[in-house]
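Since the structure comes first, as structure tokens, the remarks are kept for the end.
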2 protein chains.
Amino acid sequence: MDDVDKKILVRLQQDGRITNLELSRLIHLSPAATLERVRKLEQTGIIRGYMAKLDPDALQLGLLVFVQVTLDRTSPGIFDDFSKAIKSIPQISECHMVAGGFDYLIKARVRDMNAYRNFLGKTLTRLPGIRQTHTYTVMEEVKSNNELPL
Amino acid sequence: MDDVDKKILVRLQQDGRITNLELSRLIHLSPAATLERVRKLEQTGIIRGYMAKLDPDALQLGLLVFVQVTLDRTSPGIFDDFSKAIKSIPQISECHMVAGGFDYLIKARVRDMNAYRNFLGKTLTRLPGIRQTHTYTVMEEVKSNNELPL
DNA sequence: GAGGTTACTGAATTTAATTCGTTCATCATA
DNA sequence: TATGATGAACGAATTAAATTCAGTAACCTC
């Protein structure tokens, strides 16, 4: 991981579909050498993959919510059960176990408030071990690049 | 936006660098027609772009934190000032204005707890209009695909 | 049912990715 | 200081993919 690799990562983070040819020009290296570096970054797992960034509004997913979840600390398997259950719920794009006043922070996208009420009642509150939830609806996405600072 | 477009979006979300040829095979369409659809999705903004997904740990950004921010509601320009200031801070990957007990929810990545303490003191608490912050450090990323449910 | 629009196909062409033989620099070791 | 191994780079040749385009079918609209 030298400076050249870093330049590659910066570019690929900004444009995951840049051609190898253009990338090689930007970092002042031959196409063959550039490709070799990119492949190595992929194989070592530094580059985990590539994805298209889609517009949530265009796809009828205009409402973004964060949900704080507190679990029942009764049985020892509660956290595992909850984690497993989370993974198969498509609306949930992120779920983090956090230290602090609650247990999990969930990021989810739904069509509108109506859809969320339904999602909360039919899906979230029926998850194993849930004691309490707290919802914060997003009014404005001030920043949302999902890029790492390199 | 028909079912074929939807299939395209599903595939491109999973693998933003799939070749047009393979994509066309997966959706049972000719390469030319497939390309035309992808271009249209890009032009209409449904596809906003493409990005490489990088491994935070490999890049020395092992600590993920969420910060709840409450602003001083004194002057009317406070929210704009804050929003503008946020955008240039590389550690902040997301910032959302939320309805509820606080004003903004920030997602940030730093090297470790030491780096976070520094970030909080030197950067966050010096932003315009901040009254209070509340930090939640992530212990485990249970789910993190950043994909939209299609 | 004529005219216009849209989306598709398949072939031809352009462009990019990939492979490979070679060179150069670095570095540890005899 | 030679020697040989290693890693990274280049450039040319090859393979594969993207792109363009002419022609056709389906579908509206009037």
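The sequence lines fix the lettering, A, B, ..., with proteins before strands; numbering per chain opens at 1.
Of the candidate nucleotides D/dA8, C/dC8, D/dA9, D/dA8 has the atom lying nearest to any side-chain atom of A/Lys40. With C/dA16, D/dT19, D/dA8 as the candidates, the nucleotide lying closest to the side chain of B/Arg39 is D/dT19. Side chain of A/Ala33, nearest nucleotide from C/dT9, C/dT18, D/dC10: D/dC10. In the set C/dC8, C/dT18, D/dC21, the nucleotide with an atom closest to the side chain of A/Pro31 is C/dT18. Side-chain proximity of B/Leu21 to the nucleotides D/dT20, D/dA9, D/dA18 is greatest for D/dA18. Looking at the side chain of B/Leu29, the nearest of the listed nucleotides C/dA17, C/dC20, C/dT9 is C/dT9. Proximity note for B/Arg37 (side chain, C-beta onward) versus C/dC8, C/dC20, D/dT19: the nearest is C/dC8. When the nucleotides D/dC21, C/dT19, C/dC8 are ranked by their closest atom to the side chain of A/Ala32, C/dT19 comes out on top.
By the 4.0 Å N-to-carboxylate-O rule, A/Arg39 lies close enough to A/Glu42 to be salt-bridged with it. In summary, B/Arg73 and B/Asp103 engage in a salt bridge, as defined by a charged side-chain N under 4.0 Å from a carboxylate O.
With hydrogens and angles disregarded, a donor-acceptor distance shorter than 3.5 Å links the side chain of B/Lys143 to the backbone of A/Lys87.
Between the CD1 atom of A/Ile8 and the C1' atom of D/dA8 there is a distance of 12 Å, given to the nearest Å. Rounded to an integer number of Å, the gap from CG of A/Leu35 to P of D/dT15 is 17 Å. Remark: C1' of D/dA8 and NE2 of A/His28 are 18 Å apart, rounded to the nearest angstrom. Spacing between atom OH of A/Tyr50 and atom C1' of C/dA17 amounts to 13 Å, rounded to whole angstrom units.
Between A/Val4 and A/Arg17, it is A/Val4 whose nearest contact on DNA chain D lies nearer the 5' terminus.
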Exercise. Passes side chain to side chain contact (heavy atoms under 4.5 Å, CB included), A/Ile78 versus A/Ser75? Steps please.
Worked result: CA-CA 6 Å; A/Ile78 278 297; A/Ser75 75; 3.3 Å; yes

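Residue B/Thr19 is classed as a sugar-phosphate contact, given heavy-atom separations below 4.0 Å to backbone atoms only.
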